[in-house]
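To start, the structure itself, in structure tokens.
Model, not experiment: these values are computed from the prediction. Both counts, for ligands and for their atoms, begin at 1 and track the order of listing.
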Amino acid sequence: MTYIHDTIVRLQKTSPAQAEFYQAVEEVLDSLQPILETSEKYKRHAIIERMVEPERQIMFRVPWVDDQGNVQVNKGYRIEFNSALGPYKGGLRFHPSVNAGIIKFLGFEQIFKNALTGLPIGGGKGGANFDPKGKSDGEIMRFCQSFINELYRHIGPTTDVPAGDIGVGAREIGYMFGQYKRLTGNYDGVFTGKSLLWGGSLVRKEATGYGCVYFAQYMLADQGDTLAGKQCLVSGAGNVAIYTIEKLYQLGARPVTCSDSSGTLYHEAGINLQTLKELKEVRKVRLNEYLSAHPDARFIPVTDYPADGHAVWRIPAQLAFPCATQNELTEADAEALVANGVIAVSEGANMPSTQEAVEVFLDARICYGPGKAANAGGVATSQLEMAQNASMQRWSFEEVDEKLKVIMKNIYLSASTTAAEFGEPHNLVLGANIAGFRRVADAMIEQGVV
Ligand code: NAP
């Protein structure tokens, strides 16, 4: 315990004001306690001390010109956290809340998530405190080009392979790839999440959401249950939320909510997927516009949220899929979910539940799939995109989806058997963290002190 405590205290001194990063480190280290106690080699090789320190952190200025001719400046980041298992792999996030601590928490989580997939990928993450909302296409393009004017020298198909995340979809990946190609002269698989027209993989767009639902399916199957007929809560209305909703319908469940930063939509008849895609993928507008097509739905603005949490988690349902952002599900939200009879929570977003909320789920012995296991389908399919690019092949939708299902099943099995091995079979947080850690740590030991 002192070892973990000392590590956090040291991080607070050496990397000040990075609350989300300490939160992610603490959660991982807490669950590593049983393995750190039984295998002294990890301490001897200073694995924890090395793992919490990124191999490389790149921070840079991103100047660009807006439509009015004004010069704007943002902060860009790429954190290359750990390459023991393969090239750095992880998305880019464009959101005004981005700072070094957020990118570090995401990069740290990514190490274990990528290890859990069983694929040869290291962990990294990046982004900028740029807000794409309300920007014209030209502004987005100029921003992406400027971002790559610095980042291109640090990335490559066998060194560091970025993808999308919040605020970064196929359009942004297209502009960044175009600029990378112009600067380097290389046409290679340096990004994943590319358009299907020029090197993208089928199922990549759907993969995180689909994978998160497959994960819930495997958790329920172990309890002799299925998704069929279950009422589900989904938060977010972006890439992950939309394809979580799509897969829930395909497997016979009924998603009744989604949300964005303006509020929560509750449609008891079931969220209309076509309307949602039209609003968010095509028109890119606020969620309350859904009501014009479906007046029987209800929109709860953020101003009406409970003071201690989020309106979406107060609606009774059997399954919950947090798919928006970090810390969007509080202890009070978790208590409300459990009181309302939720039987499983599968996280599409990264660290959406606060540490206190996770404790509530674990104490209640419900099925709880932590993000680093449940949302790993996205990065796994990114690796399948890299494999197709490197071999100049193109696999069918069915082929990729089948591989995704197998990967999600293996992730579930790896987390659940490891949890059982350490005497806490219901605790997939412990199982996922130890299983991911062991793979990375053993590779680091074999590669020497580097
Ligand atoms: P996205 O397409 O940009 O959608 C994000 C959604 O969450 C939007 O509906 C957004 O609403 C909402 N949101 C974001 N920040 C918010 C905030 N601070 N408060 C309230 N709502 C907020 O992003 P995404 O790719 O779906 O990512 C969602 C989550 O999944 C993130 O945690 C991401 O790290 C994680 N994830 C994504 C992938 C992937 O393949 N894309 C893979 C693994 C994990 P507004 O539009 O109103 O802001």
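E328 does not count as a contact of ligand 1, since none of its heavy atoms falls under 4.0 Å from the ligand. Residue contacts with ligand 1: K133 is included, with a non-hydrogen atom under 4.0 Å away. Using 4.0 Å as the threshold, S259 has a heavy atom nearer than that to some atom of ligand 1.
Between Y175 and Y180, the ring center distance fails the sub-6.0 Å criterion. Residues F105 and F21 place their aromatic rings such that the two centres sit no closer than 6.0 Å.
The aromatic rings of F60 and F147 sit tilted relative to each other, their planes meeting at an angle between 30° and 60°. Relative orientation of the F108 and F112 rings is perpendicular, given thresholds of 30° and 60° on the angle between their planes.
T325 CG2, 3.8 Å is the protein heavy atom nearest to atom 18 (N) of ligand 1. Nearest to atom 2 (O) of ligand 1 among the protein's heavy atoms is N239 N, 2.9 Å. Of all protein heavy atoms, the one lying nearest to atom 33 (C) of ligand 1 is D165 OD1, 3.2 Å. Scanning the protein for heavy atoms near atom 29 (C) of ligand 1, the closest one is A324 O, 3.2 Å. Residue, atom and distance of the protein heavy atom nearest to atom 27 (O) of ligand 1 are I166 CG1, 3.7 Å.
Within the listing of ligand 1, atoms 30 (O), 35 (C), 36 (N), 44 (C) sit less than 4.0 angstrom from a heavy atom of G348. Distances below 4.0 Å separate heavy atoms of S261 from the following atoms of ligand 1: 11 (O), 20 (C), 21 (N), 45 (P), 47 (O), 48 (O). If you number the atoms of ligand 1 from 1 as listed, the ones under 4.0 Å from a heavy atom of G167 come out as 3 (O). Using a 4.0 Å cut-off to heavy atoms of R204, the atoms of ligand 1 that qualify are 40 (O). Interface atoms of ligand 1 facing T208, defined by a heavy-atom separation under 4.0 Å, are 38 (C), 39 (C), 40 (O), 42 (C), 43 (C). Close approach of ligand 1 to H95 is summarised as follows: ligand atoms under 4.0 Å from at least one heavy atom of the residue are 15 (N). Close contacts of ligand 1 with C323, meaning ligand atoms under 4.0 Å from a residue heavy atom, involve 28 (C), 29 (C).
For the pair K135 and F130, the cation-pi test (distance below 6.0 Å, angle within 45°) is passed. Judged by the 6.0 Å and 45° rule, K247 forms a cation-pi pair with Y210.
For G236, no nitrogen or oxygen atom sits less than 3.5 Å from a nitrogen or oxygen atom of ligand 1, counting backbone and side chain alike. At least one N/O-N/O distance between N350 and ligand 1 falls below 3.5 Å. Residue contacts with ligand 1: N375 is placed with no nitrogen or oxygen under 3.5 Å of a nitrogen or oxygen of the ligand (distance criterion only). For ligand 1, the polar-atom distance check against K113 finds no nitrogen or oxygen pair separated by under 3.5 Å. At least one N or O atom of A237 sits closer than 3.5 Å to an N or O atom of ligand 1. Considering both main-chain and side-chain atoms, R286 comes within under 3.5 Å of ligand 1 through a nitrogen or oxygen pair. Backbone and side-chain nitrogen or oxygen atoms of K280 are examined, and none is located within less than 3.5 angstrom of a nitrogen or oxygen of ligand 1. Annotation: R93 places an N or O atom under 3.5 Å from an N or O atom of ligand 1; distance criterion only.
Protein heavy atoms are found inside the 4.0 Å sphere centred on atom 31 (C) of ligand 1.
Note: R93 CZ to N129 CG = 13.0 Å, rounded to the nearest 0.5 Å. Between L248 atom CG and K230 atom NZ the span is 11.5 Å, to the nearest 0.5 Å. Separation of atoms CD (E328) and CE (M351) is listed at 11.5 Å; rounding is to 0.5 Å.
Listed by first then second residue, pairs satisfying ring-ring contact (aromatic ring centres under 6.0 Å, His included) with a partner in residues 383-418 read F215-Y412, not counting sequence neighbours.
Qualifying side-chain contact (heavy atoms from CB on, under 4.5 Å) partners for M444, counting only residues two or more places apart in sequence or in other chains: I47, R50, M51, N82, A84, V440.
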Quiz item: Does the side-chain contact (heavy atoms from CB on, under 4.5 Å) test come out yes or no for V25 and L11, once each step is laid out?
Solution: CA-CA 9 Å; V25 171; L11 280 182; 3.9 Å; yes
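Between the side chains of Q179 and N149, at least one donor N or O sits under 3.5 Å from an acceptor N or O.
Ion pairing between a basic and an acidic side chain is recognised when a charged N comes within 4.0 Å of a carboxylate O; E109 and K372 show such pairing.
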